[in-house]
Amino acid sequence: MPFFLFVVGVSVAIVNKIVLDRTGATMKVVIRTLKLFILGIFLQGGYLHGITGLTYGVDIERIRWMGILQRIAVGYIVAALCEVWLPCQEMKRFALFRNYICQWFIMFLLSAIHCGLLYGLYVPDWQFSVSQSTGSTIYEVKCSVRGDLGPACNSAGMIDRYILGIDHLYTKPVYRNMKECNGSNRDTVSESMPSWCHATFDPEGIVSSLTAAATSIIGLQYGHILVQFQDHKGRLYNWSILSLSLLAVGLFLDFVGMPLNKSLYTISYMLVTSAAGGITFCLLYLLVDIYGWRRLMFVLEWMGKHSLSIFILITSNIAVIFIQGFYWRDPQNNIIRWIVTRFVQK
């Protein structure tokens, strides 16, 4: 996810090197964003029921609004609009930060809003109901705190519950793997577990999408370096300086108490993963563009060209259905069932 958001920013900088019609470019950006967002709702909104149940259909009252493609759509539209409407005003070869000061300002603004919401909002006690075969059960979660980053009382979850609705969030959050929830990331959770283990939570929620969009803006700056510097040395030097700076700041924030948290997409997580994306980008550039090892990377190149198609095939279960059709003597004896029983449901 962070690498994809990073590369989205790089791609936007390459595609929008010269923008003659800002209004037309904006319309194209909005249309692409809507396509990605709607496709994401179809793939991850609950319409498809996963590899253990090749069925479909979703209750509109429980459809999930956010997801992976939706987050990428948010990152894309923010980065693209920054590139279209906040271009470089005065080109100075050795002042990339000042050349795109407005874009950096947007990145800092998104990070500041994220930090303010995450640490500044008061989270009161809250309750929710879970429908079961025997009826609905009401659970209450005690919070009354501010700045808590735990799974029960973080403000990101509170904002999603208020705006999106608790019935429209991800039903199998990763925190069910915690020891408090007995590591049971399944449909049923024991009644003896803490009440918040039964709640939904969206790792691609509203607050975390702010810093996710900031990741795409950081990728945008790597794209600027690629476009503006024609020599390998200049590109690698600037990419390396930027990557190491992001890594140092991210690790420092983690050291002083802002943890690396993917579900909340904390600023430290954003910086460290962006740095990792930049370092990986440097290594691939070194191997492919300088040393000419392109043939060895043909698999990665093919995956990059068809990344959306691959994602759709896997998420929609089309690839699963195709593979599951090949079995040994008995239809139940197939590779998909073997993987699920030994790894997913272990």
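In this text the structure is predicted, and so the values were computed from the model without any measurement.
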Between S195 and E140, is there a donor-acceptor pair closer than 3.5 Å when you use the side chain of the first and the backbone of the second?
yes
What I'd like to find out is whether the side chain of M303 reaches to under 4.5 Å of the side chain of I310, using heavy atoms alone.
yes
CG of N177 to OH of Y175: how many Å apart, nearest 0.5 Å?
11.5 Å
Identify all side-chain donor-acceptor contacts of residues 149-156 below 3.5 Å with residues at least two apart in sequence or on another chain.
from, atom 1, to, atom 2, distance (Å)
N154, OD1, A156, N, 3.3
N154, OD1, G157, N, 2.7
N154, ND2, G150, O, 2.8
S155, OG, L117, O, 2.6
S155, OG, L118, O, 3.4

Rounded to the nearest 0.5 Å, the CG atom of L81 sits from the CD1 atom of I217 at a distance of 10.0 Å
Is there a donor-acceptor pair closer than 3.5 Å between any side-chain N or O of S268 and the backbone N or O of M258?
yes
Test your reading of the model: is there a side-chain donor-acceptor pair from T211 to the backbone of I267, 3.5 Å cut-off?
no
For residues 203-216, which residue pairs pass the salt bridge (charged side-chain N to carboxylate O under 4.0 Å, His left out) check, not counting sequence neighbours?
R64-E204
Got a donor-acceptor contact below 3.5 angstrom from the S216 side chain to the L5 backbone?
yes
Pair up each side-chain donor or acceptor in residues 242-252 with any protein partner under 3.5 Å, not counting sequence neighbours, and list the distances.
from, atom 1, to, atom 2, distance (Å)
S243, OG, Y222, OH, 2.6
S243, OG, W239, O, 2.8
S245, OG, I241, O, 2.7

Which atom pairs, one a donor and one an acceptor, fall under 3.5 Å between side chains of residues 28-40 and the rest of the protein, sequence neighbours left out?
from, atom 1, to, atom 2, distance (Å)
R32, NH1, Y76, OH, 3.1
T33, OG1, V29, O, 2.8

Please check: side-chain N/O of D202 versus main-chain N/O of G67, any donor-acceptor pairing under 3.5 Å?
no
Listing, residues 270-288 side-chain donor-acceptor contacts under 3.5 Å, not counting sequence neighbours, or none:
from, atom 1, to, atom 2, distance (Å)
T273, OG1, Y269, O, 2.6
T273, OG1, M270, O, 3.2
S274, OG, M270, O, 2.7
T280, OG1, A276, O, 2.8
Y285, OH, H232, ND1, 2.5
Y285, OH, R235, NH1, 2.8

If you look only at pairs with a residue in residues 286-306, which of them pass as a salt bridge (charged side-chain N to carboxylate O under 4.0 Å, His left out), with sequence neighbours excluded?
R294-E301, E301-K305
